[in-house]
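Proteins get letters first, then strands, A, B, ... in listed order; numbering begins at 1 in each.
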There are 2 protein chains.
Amino acid sequence: MEINQIIDNIYPLPTKSKDLIKQSIIETKLPKGHILFKANKVETSIYFIKKGIARAYAYSDENEITFWFGKEGAPIVSMKSYVNNEKGYEDVELLEDCELYELKIEQLQKLFLEDIEIANWGRKFAELELIKSEERLIALQFNTATQRYLALLKNYPSIIQRVQLSHVASYLGITQVSLSRIRANIK
Amino acid sequence: MEINQIIDNIYPLPTKSKDLIKQSIIETKLPKGHILFKANKVETSIYFIKKGIARAYAYSDENEITFWFGKEGAPIVSMKSYVNNEKGYEDVELLEDCELYELKIEQLQKLFLEDIEIANWGRKFAELELIKSEERLIALQFNTATQRYLALLKNYPSIIQRVQLSHVASYLGITQVSLSRIRANIK
DNA sequence: TTTCGTTTTTATCATTTGTTAAATAGTTTC
DNA sequence: GAAACTATTTAACAAATGATAAAAACGAAA
């Protein structure tokens with residue numbers, strides 16, 4: 001997905017403000033398997049996915065648990081770094097060869113203080129991520145594993161086609177064995 | 001908690017900008033049991049809790065599930081209404097007699113477009129809520145019910161003292177019977 | 001195609017949580 | 001304080017999920 005569309009999908013900006021953001025963006029290609037973010041590190045950039053797919057995961061004891069997937073158009077952000085300049089808890093791994101737009105957090109924050117349009121763009125960006133996070137939270141709290149799997153299948157069919165089921169299972173909050181059983185019961 | 005402190009805890013504002021927000025705020029007292037937000041309704045205000053405690057809940061089949069608690073200093077927001085002008089899915093009930101600061105969403109949004117300091121305050125507001133939501137999400141996905149209960153006990157002991165256990169149970173994503181068992185096993 | 005390594009499914013048993021109902025404890029009202 | 005109501009705990013059984021191991025299916029590479 002093109003950067004103009006990604007920016008405007010969040011909050012339509014006048015050309016002048018959009019150019020300010022675009023001047024700070026660098027395009028990069030990175031291979032499948034690349035670890036974009038490392039846990040316990042303050043990340044200095046955010047990214048937008050032009051092409052490809054990625055996941056965020058963290059460790060609980062020995063187990064790695066995936067809690068986010070992103071595809072074309074999605075932002076990749078270590079929220080703790082972005083919001084509070086603190087170490088994040090997540091690794092982010094590219095699951096396919098990816099083309100990314102990189103944006104330095106420091107430069108973006110400077111723009112927030114200089115341009116009211118961009119400040120409102122940043123507000124909307126956080127608000128939209130918040131809505132998504134709330135919806136995930138409620139799905140996790142309200143629905144059974146089977147319902148969550150069916151919802152994922154319906155809303156993000158591409159995830160299940162493009163990603164290992166072990167990652168999907170931990171994303172759903174269950175073991176891979178449990179996901180296999182659910183899939184067997186549905187057919 | 002006083003409104004100046006609530007505002008500045010989110011993002012410190014110069015007096016002039018803070019006054020603009022405060023001019024739009026009305027103080028209200030409402031009794032225990034009052035339903036502040038109704039599900040399937042577009043809410044037109046957000047609130048901050050000066051004194052008291054509240055919960056947000058929604059229905060899954062017949063069951064009412066609590067997914068948020070707020071006490072002194074916390075914002076009360078129907079995010080779908082606030083962000084997208086859409087119907088929310090939650091009721092909000094006051095669990096004690098409350099003193100609230102009310103702020104019309106429409107007036108705040110006007111300020112976002114006029115004052116860059118307030119726009120950045122609104123950005124920070126969403127960002128901080130986002131961090132909280134992510135932390136809840138991860139706790140729900142990573143931890144067992146027992147761990148989540150212990151964490152609540154540690155981080156928000158006042159909730160468990162001030163709120164019915166049936167609400168706490170649904171907040172933890174388990175039944176009340178299950179919570180009773182967990183409590184019995186811990187002692 | 002065959003082989004090797006990885007992913008997914010199946011099987012078995014243990015543990016956790018849900019469901020329903022009854023018992024106990026706690027609160028409010030008269 | 002007794003009665004009525006509400007909240008919490010306990011009990012018994014059912015259902016869902018976890019853990020471990022083995023089998024089957026799938027993919028990549030020779």
Terminal helix-axis angle for the helix from C:dT1-D:dA30 to C:dC30-D:dG1, with five pairs defining each axis and rounding to 10 degrees: 40°
Nearest-angstrom distance from the residue atom CG of B:L95 to C1' of D:dA7: 15 Å
Nearest-neighbour nucleotide for the A:I182 side chain, D:dT17, C:dT17, C:dT19 considered: D:dT17
Separation of atom CG in A:L140 from atom P in D:dT17, rounded to whole Å: 12 Å
ILVMFWY cluster, A:I26 and A:I105 together (side-chain gap under 4.5 Å): no
First of B:Q176 and A:I174 reached from the 5' end of DNA chain D, by closest nucleotide: B:Q176
Out of D:dT8, C:dT10, C:dT17, whichever nucleotide has its closest atom nearest the side chain of B:S180: D:dT8
Ring-ring centroid check A:F125 A:Y11, cutoff 6.0 Å: no
Electrostatic pair A:K22:A:E2 at N-O distance under 4.0 angstrom: no
Electrostatic pair A:K41-A:E43, nearest N-O below 4.0 angstrom: yes
Euclidean distance, atom CG of residue A:N143 to atom C1' of D:dA16 [Å, nearest integer]: 15 Å
Carboxylate-amine/guanidinium contact A:E96 A:K32, below 4.0 Å: no
Distance-only side-chain donor-acceptor flag, B:S45 / B:E102, under 3.5 Å: yes
B:K16 with B:D115: basic N within carboxylate O range, under 4.0 Å: no
Atom-pair distance (CZ on B:R181; P on C:dT20), nearest Å: 14 Å
Whole-Å distance separating the CG atom of B:L179 from the C1' atom of D:dT10: 14 Å
Whole-Å gap separating C1' (D:dT17) and CG (A:N185): 12 Å
Partner of B:K80 under salt bridge (charged side-chain N to carboxylate O under 4.0 Å, His left out), chosen from A:E127, A:E134, A:E135: A:E135
Selection: residues 150-173 of chain A, any non-hydrogen atom under 4.0 Å of DNA chain D: A:G173
Selection from C:dT10, D:dA19, C:dT17 that lies nearest to any side-chain heavy atom of A:A184: C:dT10
Ring centers of B:F67, B:Y57 separated by less than 6.0 Å: no
B/S/- contact track for nucleotides 24-30 of chain C, protein heavy atom under 4.0 Å: -------
Interatomic distance where CZ belongs to B:R183 and C1' belongs to D:dT10 [whole Å]: 14 Å
Charged N-O contact under 4.0 Å between B:K51 and B:E99: no
Chi angles and distances behind the salt bridge (charged side-chain N to carboxylate O under 4.0 Å, His left out) call for A:D91, A:K38: CA-CA 5 Å; A:D91 285 9; A:K38 255 322 230 183; 3.3 Å; yes
Spacing between B:I65 atom CD1 and C:dG18 atom C1', to the nearest angstrom: 13 Å
Salt-bridge criterion met for A:R55 and A:E64 (N-O under 4.0 Å): yes
